[in-house]
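Chain letters run A, B, ... following the sequence lines, proteins first and then strands; every chain starts at 1.
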2 protein chains.
Amino acid sequence: MNSETVAARHEQARQDYEALKGRGLKLDLTRGKPAPDQLDLANGLLTLPGEGVYRSADGTDLRNYGGLNGIPELRELFSRSLQVPVAQLLALGNSSLAVMHDTVVHALLSTVPGGERRWVDEPRIAFLCPVPGYDRHFSLCERFGIELIAVPMNDDGPDMDVVERLAAEDAGIKGIWCVPKYSNPTGVSYSDEVVRRLAAMTTAAPDFRIFWDNAYAVHHLTDKPVEIADVLAECAAAGNPDRVFVFGSTSKITHAGAGVAFFGSSAANIAWFVRNLSMGTIGPDKINQLRHIAFLKDEAGLIEHMNAHADLIRPKFEAVDRILTDELGDTGLATWTKPAGGYFITLYVTEGCAKRVGQLAKEAGIALTPVGATHPYGEDPQDRTIRIAPTFPILAELEVAIAGLATCVRLAGYEQQLA
Amino acid sequence: MNSETVAARHEQARQDYEALKGRGLKLDLTRGKPAPDQLDLANGLLTLPGEGVYRSADGTDLRNYGGLNGIPELRELFSRSLQVPVAQLLALGNSSLAVMHDTVVHALLSTVPGGERRWVDEPRIAFLCPVPGYDRHFSLCERFGIELIAVPMNDDGPDMDVVERLAAEDAGIKGIWCVPKYSNPTGVSYSDEVVRRLAAMTTAAPDFRIFWDNAYAVHHLTDKPVEIADVLAECAAAGNPDRVFVFGSTSKITHAGAGVAFFGSSAANIAWFVRNLSMGTIGPDKINQLRHIAFLKDEAGLIEHMNAHADLIRPKFEAVDRILTDELGDTGLATWTKPAGGYFITLYVTEGCAKRVGQLAKEAGIALTPVGATHPYGEDPQDRTIRIAPTFPILAELEVAIAGLATCVRLAGYEQQLA
């Protein structure tokens, strides 16, 4: 492209951007929240478990204290999709992030199986963070002074050559954050090969743990649900049975703030977790767990419910792809992911332009997840990654926001080419 | 009493105990759990918040993520009884024990306001434990290697001469556990003088905290509700505004496992707590908070509901006192407390006899809270304290259990006198 063409395109982008600003938009693409129509799907919960209904299948009065592991029937329902045997799967409170936080706290303050000391007594602790990744995983670690080491994501999961090298040589590395299915924010799912290598790799730390945040286990957008390898089984087969902590929740299945979180692992890890858990609570909200079983009923009910979600959000993902293709497809200024599930799309702009895009969008009234949040310490070294969360806005607003975002990408990109 | 009389009474007790054992009882006085008829009082919750009801008074959709502080209307309802201004009161998850645990964790891992370092970086941490006290407070601390220092309880709260001396001379002492109203397990309520001295005393540690577990704030058994002094206000007035962490919950108001817990403190402590909380969760179950407001409605609704509880459990407390009086009143072998609220009665037997009583009761099929659990490390140095939890059994079974327990007290007491 000669400089005249660039100048012309820049001028067009500038005019489009001025028009965009003139519209006085106030649109929000920041967080991966379900939209109200998705929440409506689970409104049945609002009158459940129902009059006089408070016993589990085994007759336990769930209104009272106790039942640290959660109710068996809900653990059973999620056992298959989370790929954890019922006996090793706990149903807990309303937030899987809280369970991850508590698991890190437990490891800091009580030696994990196979460990030599509490993490808090280590001179240094680091976690591997495939990037782009989930900002709340990072901030949770940062709070405790855990060092964050970025590793690149490929189309089939983290770059295992890098992960294997770092894990083998650095005993300070105690963990890795993984969102293995429809990853936040790329939508990538881990290949069987990646899962096997994670399970089998040599780690310098004897108490290395995979934090397996299977947040989107049943959150498919196509009629070909992605199946990932069974990480617990792979770890056991590789002789590392205690290597993985599995997390899941109903947050993006039923009501985001009022769901049930899950924790799964080896028998030894579960015993360790429950021992710590028992010091801090008499049990989770079992009535809410019963409410969830009364609502979802069984595997078929869960699948049907998730299909209804997919029907509501698929048009939004398609709209993002369509608009980005229309607006940016022939510009060479951006690429983006086309997830088969989950809650996010990653937009990659020209290196060094992402922050500028975020700033332009903000000035035009389009709020994005802070650029950089996809990387440890909020710093994307290539400054090119933008997380798009398409689910929450209504379709018409999403379309306006994405078209506006594309305008910002064009303006920032051509600005750079002119500079 | 001459030795013949003792021998005769021992023989009578022995015969009574053999008869008791012959009945093959299986009764449980171990835990302070509400009885099913108490839980029935809150069965309205099972169909609430109701069809299409999911917004707070300010219009927020409570089904989604967010709202870290809990919903304002529930915080408002409990502000008066917990004696914490709404702005400084958080409504959280289903367990106040979990909130206490998390607060200790936060203090271990993030320096509290006024502190010089994280508690985990201190060479030694200790908590004062008025005894008899609540075993779960003790075990929560033990897990983290926090040293437990017993201090005596008087009829108006902890022995403040001892507390003041220890707190002033030992900078390792970072906290004190208090159940200020209808204390677990004595039923004692703190006098205004004790509250004021706690608030005003000199502490060697700049980051000393009172853990104020106001578990029985509205759990009255008489028509003269005990009012305790406002500890937050007293701390502020004494120039120690950040000294106290207040905990409360609806566990023994609505459904024990499915309620709402509260945390209250100074503005600085709340900011510190919320900053830590925000690293580990996106928010509490706000629908359950809405459910509680829909059910309890207002202060009058709360009082009416607690009166219904009192009507159910008052006969149980009265039965314990009546039977102990009948069976032990003239023996000189025991004294016991007569709480005006709360969940427990403390039975003091002859020094050196409590473990023997527990063993005899167990062999007769009457399960007690493990003798010693009322003291740090499970050791009652005088071996004389027995916690009675009268609420859970039905009245007829409670009467049998207490009569049986009295038989065990007689047998153990006369055994000792003969030895």
Where on His101(B) is there a heavy atom nearer than 4.5 Å to chain A: the side chain, the backbone, both, or neither?
side chain
Using ring centroids (six-membered ring only for Trp), state whether Phe263(A) and Phe247(A) fall under 6.0 Å.
yes
Begin from the C-alpha positions of Thr250(B) and Phe78(B) and carry the test side chain to side chain contact (heavy atoms under 4.5 Å, CB included) through to its verdict.
CA-CA 10 Å; Thr250(B) 68; Phe78(B) 281 87; 3.7 Å; yes
Among Gly67(A), Gly93(A), Pro49(A), Gly259(A), which has the most heavy-atom pairs under 4.5 Å with chain B?
Pro49(A)
Parallel, tilted or perpendicular: which fits the ring planes of Trp177(A) and His137(A), with parallel below 30° and perpendicular above 60°?
parallel
Which distance, rounded to the nearest 0.5 Å, do you find between the CG of Leu398(B) and the CD1 of Ile313(B)?
11.5 Å
For chain A, which of Leu97(B), Thr47(B), Leu46(B), Val99(B) has the most heavy-atom pairs under 4.5 Å?
Leu46(B)
Which bit of Thr281(B) is near chain A, if near means a heavy-atom gap under 4.5 Å: side chain, backbone, both or neither?
both
Fit a plane to each ring of Phe295(A) and His305(A), take the angle between them on a 0 to 90° scale, and name the class: parallel (under 30°), tilted (30 to 60°) or perpendicular (over 60°).
perpendicular
Heavy-atom pair count under 4.5 Å with chain A, highest-scoring of Lys252(B), Met100(B), Glu142(B):
Lys252(B)
Contact origin within Pro284(B) toward chain A - heavy atom pairs under 4.5 Å
backbone
Contact origin within Asp121(B) toward chain A - heavy atom pairs under 4.5 Å:
neither
Proximal component of Asn94(B), with respect to chain A [non-hydrogen, under 4.5 Å]:
side chain
In terms of heavy-atom pairs under 4.5 Å, which option from Gln38(B), Met279(B), Lys286(B) contacts chain A the most?
Met279(B)
Identify which of Arg291(A), Lys33(A), Arg63(A) forms the greatest number of heavy-atom pairs closer than 4.5 Å to chain B.
Arg63(A)
Pair count under 4.5 Å, heavy atoms only, with chain B: among Leu108(A), Val104(A), Asp40(A), highest is Asp40(A)
Centroid-centroid under 6.0 Å between Phe273(B) and Phe245(B) rings
no
So, do His375(B) and Tyr377(B) sit near enough that their side-chain heavy atoms are less than 4.5 Å apart?
no
Which bit of Asn43(B) comes within less than 4.5 Å of chain A, counting heavy atoms only: side chain, backbone, both or neither?
side chain
Most chain A-contacting option - heavy-atom pairs closer than 4.5 Å, from Pro36(B), Ser95(B), Gly283(B), Gly280(B):
Gly280(B)
Please flag which part of Thr254(A) lies under 4.5 Å from any non-hydrogen atom of chain B: side chain, backbone, both or neither.
neither
Donor-acceptor contact present, side-chain Glu73(A) to main-chain Ile293(A), <3.5 Å
no
By a 4.5 Å heavy-atom criterion (distance strictly below it), what part of Arg31(B) contacts chain A: side chain, backbone, both, or neither?
neither
Tell me, side chain or backbone of Asp61(A) under 4.5 Å from chain B's heavy atoms, or both, or neither?
side chain
Whether Tyr216(A) and Phe344(A) hold their rings parallel, tilted or perpendicular, with breakpoints at 30° and 60°
perpendicular
Asp207(A)/Arg117(A) salt bridge by N-O under 4.0 Å criterion
no
Within the side chain of His219(B), is there an N or O that forms a donor-acceptor pair under 3.5 Å with the backbone of Met306(B)?
no
Contacting region of Arg275(B) [heavy-atom separation from chain A under 4.5 Å]:
neither
Partner chain A: residue of Leu45(B), Leu48(B), Leu62(B) with the largest heavy-atom pair count (under 4.5 Å)
Leu48(B)
Leu277(A) versus chain B, heavy atoms under 4.5 Å apart: side chain, backbone, both or neither?
neither
Show your reasoning for whether side chain to side chain contact (heavy atoms under 4.5 Å, CB included) applies to Arg209(A) and Lys174(A).
CA-CA 6 Å; Arg209(A) 289 293 186 278; Lys174(A) 296 292 189 185; over 6 Å; no
Among Val105(A), Ile282(A), Leu140(A), single out the residue with the greatest number of heavy-atom pairs under 4.5 Å to chain B.
Ile282(A)
Toward chain A, the part of Val120(B) with a non-hydrogen atom under 4.5 Å
side chain
Ser96(B), part contacting chain A, at a heavy-atom distance under 4.5 Å:
neither
Sidechain-backbone polar pair: Thr111(B) side chain, Glu116(B) backbone, donor-acceptor under 3.5 Å
no
If we define contacts as heavy-atom pairs under 4.5 Å, which of Ile287(B), Leu290(B), Asn288(B), Asn276(B) has the most with chain A?
Asn276(B)
Looking at Phe144(A), Tyr65(A), Phe392(A), which has the largest count of heavy-atom pairs under 4.5 Å with chain B?
Tyr65(A)
Spell out, as yes or no, whether a donor-acceptor pair under 3.5 Å connects the side chain of Gln289(B) to the backbone of Leu74(B).
no
